Amino acid sequence: MTVRDPFAMTALDAVRAFRARERSAVEITRSALDRVARHDRAVGAFLRVDAEGALAAAATLDARLAAGDAMTDRPLAGAVVAVKDVLATRGLRTTCASRMLEHYVPPYDAWTVARLRDAGAVIVGKTNMDEFAMGSSTENSAFHPTRNPWDLTRTPGGSSGGSAAAVAARFAHAALGTDTGGSVRQPAALTGIVGLKPTYGRVSRYGLVAFASSLDVVSPFAQTVADAALLYESIAGPDAHDATSVDRPVERADLSRGASVLKGLRVGVPREYFGDGLDADVSAGLRRALDQMAAAGAELVELSMPHTSHAVATYYVLAPAEASSNLARFDGVRYGLRADGRDLRSLYGATRDRGFGPEVKRRILLGTFALSAGYFDAFYGRAQKVRTLIARDFTEAFAKVDVLATPTSPTVAFKLGERTADPLAMYLADVCTLPASLVGVPALSLPVGLGASGLPVGLQLIAPAFEEARLLTVAHGVEELLGRLSLPSLD
Ligand code: GLN
């Protein structure tokens, strides 16, 4: 390990190297910063790099280790982590990739950011995203798009595309994103890394700028399942600041079982996820992975989840409805951008016109319409009922199987600009990730290899609510079975 560059390590490797005093935290952090300086001009993963803050945090860790603190309560000491710019960072600008919050400096840390710091992680910067997390390609950022480290003409997915690209480019060992309808799982799939959306309520939303409050989940990205588990265990757990946070014990994944966990495991394969729109690369990659899982002793159970096809319509009523309400606070009066106006009404109008980009405006219009008097029952009310039907599909499936296996994204990474003119095409591609979001169950995307195009393919595993430990244990088994991807070098 000592011969390797710190950026080539996993988070766990870096933590071990730090504890063993093979590498100082400052050395590891500098290596990450150097790599960002060399390559992020091409990738565009970061909106802000906090070199000073990161080096200061690293120096504190080194001083504590030198003073004899073994730091056993700092499971992330030595690891460098990037944070999506939708999570509040004290003293460090948090913009949501929007002109509206371009100059906003939070006076506090999000709960999850504070947990990472407590765990000893060095936070290296804030990553690019679709504005207010609305999108699937990171092209809706008000500042610049992010490019996929596997192919710079393609998107890394979104909305947490900056965090995904930062891990795939090895600018950071791991990262936080947020997943409302797939924004961690889909970019993880498109960049060949691991993304875990925990159960809704498992992780506090305190300090997360709200998009759709009944769906938003802070979620880790990592190179490996073990690293994803490490981050998840650091951020999960109850928090009194968030009324939907759940107080249940956070069980640890069993990473000692390896692929043997697959023996006798009942894996549900819902046929609705394997429809016509799948790329040949994706269906071939999934088929190969499922065959290998079966050969390792998993029992593949084909089943039907009949309401799957309604998830897109349901989500694209509910999420914009919640967004229209949440984003009402950006009115130019309390904080954020303020444009001039003759009176209050024109000040509101001018501020929101200048502050929000086209996709955010589209969502606010859609959501306001769906909630308006006379339409509420036909749209919002009905979408809530369909959400219940989708939940019933999951309850019935989990009566028969331990986990579900599906594609994460119907396609591999697509070209920048390919879907920007057609919002519906962008929305429809969320079909595989939306159901688990609407139902709140945990889901993870794991790379299963490269397609003929040379681009990564992601497998989505889904478990019942609060069964993250099962999900991670199974994913670790699959990772051991299929082997890990080596990430692109960028040189
Ligand atoms: N792509 C979905 C959307 O645009 C999901 C976004 C997310 O999970 N934040 O709303």
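Computed from a prediction, not measured in an experiment: that's the story for all the values here. Note that the numbering runs from 1 along the sequence shown for the chain. All ligand and atom numbering here is 1-based and tracks the order in the structure.
Using a cutoff of 4.0 Å between basic side-chain nitrogens and carboxylate oxygens, E359 and R363 are scored as salt-bridged.
The aromatic rings of Y206 and Y108 lie tilted to each other, with the angle between the two planes from 30° to 60°. A tilted orientation is assigned to the rings of F132 and F330, their planes being inclined by 30° to 60°. The aromatic rings of Y427 and Y316 lie parallel to each other, with less than 30° between the two planes, well short of the 60° mark.
The nearest protein atom to atom 4 (O) of ligand 1, hydrogens excluded, is given as R363 NH2, 2.7 Å; this is a heavy-atom distance. For atom 6 (C) of ligand 1, the closest heavy atom belonging to the protein is S183 OG, 2.8 Å. Ranking the protein heavy atoms by distance from atom 10 (O) of ligand 1 puts Y315 OH, 2.7 Å first. Protein heavy atom at the shortest distance from atom 2 (C) of ligand 1 is D430 OD2, 3.2 Å.
Here's the thing with A133: one of its N/O atoms is less than 3.5 angstrom from an N/O atom of ligand 1. For ligand 1, the polar-atom distance check against M134 finds no nitrogen or oxygen pair separated by under 3.5 Å. Checked against a 3.5 angstrom limit, the closest N/O atoms of S136 and ligand 1 fall inside it. Where the criterion is an N or O separation shorter than 3.5 Å, residue side chain and backbone included, Y316 meets it with respect to ligand 1. Considering backbone and side-chain atoms together, T180 places an N or O closer than 3.5 Å to an N or O of ligand 1.
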Test side chain to side chain donor-acceptor pair (under 3.5 Å) on S213 and N326 and set out the steps. CA-CA 8 Å; S213 305; N326 274 324; 3.0 Å; yes
Apply the test side chain to side chain donor-acceptor pair (under 3.5 Å) to residues S453 and D281: give CA-CA distance (whole Å), side-chain angles for both, the deciding distance (0.1 Å), then the verdict. CA-CA 7 Å; S453 56; D281 268 1; 2.5 Å; yes
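Near G182, the atoms of ligand 1 lying under 4.0 angstrom from a non-hydrogen atom of the residue are 8 (O).
With T146 as reference, N128 is the one residue of T191, N128, T127, D40 to meet the side-chain hydrogen bond (donor to acceptor under 3.5 Å, both in side chains) rule.
In F211, the part holding a heavy atom less than 4.0 Å from any atom of ligand 1 is the side chain.
Side-chain polar atoms of K126 and T89 form a donor-acceptor pair below 3.5 angstrom.
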